[in-house]
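Notes follow the structure.
Each chain gets a letter, A, B and so on, in the order its sequence line appears, and its residues count up from 1.
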Amino acid sequence: MIAKTYSPNDIEAKWYQYWLDNKLFTSTPDEREPYTIVIPPPNVTGVLHMGHMLNSTIQDVLVRKARMEGKNACWVPGTDHASIATEAKVVAMLKERGIAKTDLSRDEFLAYAWEWKEKYGGIILQQLRKIGASCDWDRTRFTMDPALYESVIDVFVDLYNKGQIYRGVRMVNWDPQGKTAVSDEEVITKEVQQKLYYLKYEVVGSQESIVDSQEPMDNSGATIDSRLSTPDSIVIATVRPETIMADAAVAVNPNDERYNHLHGKTVRIPLINREIPIILDEYVTMDFGTGGLKVTPAHDPNDYELGIRHNLPVIDLLNDDGTLNEKAQILVGMDRFAARKAIVKLLDESGNLVKTEEYTSNVGFSERTNAVIEPKLSLQWFLKMEDLAKPALKAVMEDVVQLVPPKFKNMYRSWMEAPRDWCISRQLWWGQQIPAFYMQDGTIIVAKNKREALRKVQHEKLLFAMTEADLTQDEDVLDTWFSSWLWPISVFDGIRNPDNAEINYYYPTNDLVTAPEILFFWVARMIIAGYEYRGQEPFRNVYLTGIVRDKQGRKMSKSLGNSPDPLDLIDQYGADGVRTGMLFSSPAGNDLPFDEKLCEQGRNFCNKIWNAYRLVSGWTIKEKEEGKNESGSSELAVRWFKAKLNTTLLEIEDHFSKFRISDALQSTYKLIWDDFCSQYLELIKPAYNTETGTSEPIDRETYDTTINFFERLMALAHPFMPFITEEIWQEIRERKPGESLCVAKYPTPRPGQPDAAVLADFEVLFEIISSIRNIRNSKQIGPKVALPLSIRTSSPGRFGVLEVMIQKMANVSEIAYVSEKPDNATSFLIKGDEFYVDLADELDVAVEVANAEKDLDYQTGFRDSVMKKLSNEKFVANANPDVVERERQKVADADAKIAALQETLRRLRGE
RNA sequence: GGGGGUUUAGCUCAGUUGGUUCAGAGCAUCUCGUUUACACCGAGAGGGUCGGCGGUUCGAGCCCGUCAAUCCCCACCA
């Protein structure tokens, strides 16, 4: 006997192992059509969160479906080395052991990092197995695998040789915690409540200034607080008072008449009294703050530009870790934020702090470490993006690469039309070390390795005396995205070995499933690399998932602690339950407000399927000679379900073709729960024999057909819920060893028109049944009390076999065709046919009259509104003839109902 | 500051070229039911001026304009 409730935990591990043992997920090139997905490689240090859960489930649904459709499905798993994040974790781990990174050599540090990676890395890949992900694990790749590492190096060398990569001093985003530069895309700007400090700078030679200031200042029409500006000083506004020691000038707008008297003057920086010039530049906004701007070229990108224009010195007063260096002269060694507090106090004491205002402004944060980004001037490597981006922009605009949903095309375009150069160097050790080698005179040799670099020096520069010892490799590593942008190519070794059988077979891949957050970071760059290195797009479709949010709409994150552990959820609801739960409300590109209720619904669905199987498996089958179901009702039910299945399959296929995964699941869910369980199974269910206490046997034909239906339904649901469907599919009939639903045929709609007649008949049938049940409910009559039904129709006997079903489903004792309404009967109307249910007790005439009147009102109103439409000449003239015809039909239907209702009313009133 | 999305039932969302009784689904709520697969269930019910206003049209949830709310992206006026 099968258990009453489905227990996922018992079977999930069993089937997953079975799939692995039978190598059902492995793929090698063959003559079949390939279907390829590369996983967005999760951070190697990562653990599974709800975003992965959603993303991986969608990929698995697509891959499993393709596999069942007979394609050579290949889902490549792997992880990303995530340089900053991983290095930070390793540094933290070392710190716990009392080891500082600075005490280690690069090689020693990397040894620790690899040790750490081997130990903790890739947990997430194990977790993916728990959710049923059908990855080809033999293909697991890591962005630092030798082959992938080498691919990255090759690409760097190649792009350098093509003149696309250059090295230069630029203002970059500095992460003082990670102590590395990060790209513009890795900076998240957030609005932060800050303070705007108004600081007074003394004008040098202020005695003269007083004399000059005989000219009345009021002429300028200045609206600024008189305290803020005096003839012998200028007040500037800043949110970063700790950088004043690095000021190179104070700028005012040349058109700002308030400051005419200061042109050509110099001022003194408070506290340190260094003298700096007043410069004129139209960049300065006159109506912000005081109209005076402190210019700090080392610590602000705009100031840096100003500095270049005015030939100002660059004074960098920050160390790499964000503390003040000796150039600051004061507060040396203090962290920038502590220094800010301290200097405000000092400025206040010295009388230079004029006032403080609350101020909201945008501050950049490091995506990886969440540290406040410091604009910093440094020597970095850059990749020119302008030309590379062109084919990638075109591909998306012309839908060669299709973004799903397409609304993201706008975003993509705005970024790709004017891409900024990509800062690809990082001041870290964990990653691909930049293959640039420096000669002692600073000459740069870019080559695959030192030996190659030396060979180049010797052969191209004819410096045969050079040795490897004379070359030093660049200390920096490459941005992690500089390796992941090659992912769809490098996992098939298509960079090093561009004509190999694998890349030629699997590339371009089919679908990419990822989050919109990394559309620029990753997706766009993969497309760029795809065109540059394969001359072809890396994938056809990009399905962009939403962000998983909690009930309050917050993004689920580890730091907020509002994300449930997916593995806990799986324990609780089963992998299939969680998978379907995730998909129930996740249209592409829309955020997913996650609610555990959805997992519960998923679990309930599993249980429903389980019990449906329990029901069917408990049936006994009639001996052959006993024949089939006498009334033919089962045959008709079969005919109906076939038609229903067919139309639903078409619907599901349509949803899938549009990547409407949620809708495809919804259709599957309804087909199984409502159509198959609630209707079909109830219709064919054998009667219960009260004497024997068992159900009657079912005829062989109906039974076999039902089992076939079940099998097809399991196949249909398998991409969504692989475990329970495999379990039942294996139970349903004897299978050969190694056979699996994973590679069974996915149901396809039968060709030809669906059986419209039977579908229409059953719609009427279900309406009759629910009307009778409704009467039962409203009259509080229990389901065990059988009720007689009378029908008055213009075509007697038209219900034929359906009568048996009405009797069974609505517990009707007998059906009679009548020409007069029986006494004591309550009635309902369906398409002009009138149905009467004889109630044993007295009929409440008043209630019946009220109901009939209400219905009559509605029908008359409805008829009138349609008539009004039809009497409008413009409507009849302009509307589609079909539409007009339908409207006429509506009137006819309404007329019939109205006539019937009027008659009912007459009778009820005894007229 | 620019660009885009969203706004439909208490909640989360469907609603495909404007036209069938088009105002929908799931969840939640309420009523009834220990029926013989399933209470992780069954049978029913209530609930919305489709964000506001204006326009186009014979006809608007759908098209256009405008306003409002909200979210996202880009842009670092200190």
Consecutive-pair stems (at least three Watson-Crick or G-U pairs, under 3.5 Å) that include RNA chain B: B:1-7 with B:68-74, B:10-13 with B:24-27, B:29-33 with B:41-45, B:51-55 with B:63-67

Return the nearest nucleotide to the side chain of [X]; candidates are [options].
X	options	value
Tyr669(A)	rU35(B), rG5(B), rC27(B)	rC27(B)
Lys685(A)	rA37(B), rC74(B), rU35(B)	rA37(B)
Lys670(A)	rG44(B), rA25(B), rA28(B)	rA25(B)
Arg603(A)	rA37(B), rC40(B), rA43(B)	rC40(B)
Lys608(A)	rC41(B), rA43(B), rC74(B)	rC41(B)
Gln780(A)	rU35(B), rC40(B), rU31(B)	rU31(B)

Report the distance from atom CZ of Arg614(A) to atom P of rU36(B), rounded to the nearest whole Å.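 Checked: the CZ to P distance equals 11 Å.
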
Any Trp673(A) side-chain nitrogen or oxygen under 4.0 Å from OP1 or OP2 of rG42(B): yes

Can you find a side chain N or O atom of Arg420(A) that sits less than 4.0 Å from OP1 or OP2 on rA75(B)? yes

Tell me if the side-chain of Lys4(A) makes a donor-acceptor pair with the base of rC38(B), cut-off 3.5 Å, by modelled atom types. no

Classify the side chain of Glu682(A) versus the base of rA37(B) as yes if they form a donor-acceptor pair under 3.5 Å and no if they do not. yes

Under-4.0 Å salt bridge between Asp184(A) and Arg420(A):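 Here Asp184(A) pairs with Arg420(A) in a salt bridge, since their nearest N and O are under 4.0 Å apart.
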
Give me the ring orientation class for Trp619(A) and Tyr703(A): parallel if the planes are under 30° apart, tilted from 30 to 60°, perpendicular past 60°.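 Taking Tyr703(A) first and then Trp619(A), their aromatic rings stand perpendicular (interplane angle over 60°).
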
Checking the side chain of Arg773(A) only, and the main-chain atoms of Ile768(A) only, is there a donor and an acceptor separated by less than 3.5 Å?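 Pair absent, no side-chain N/O of Arg773(A) close to backbone of Ile768(A).
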
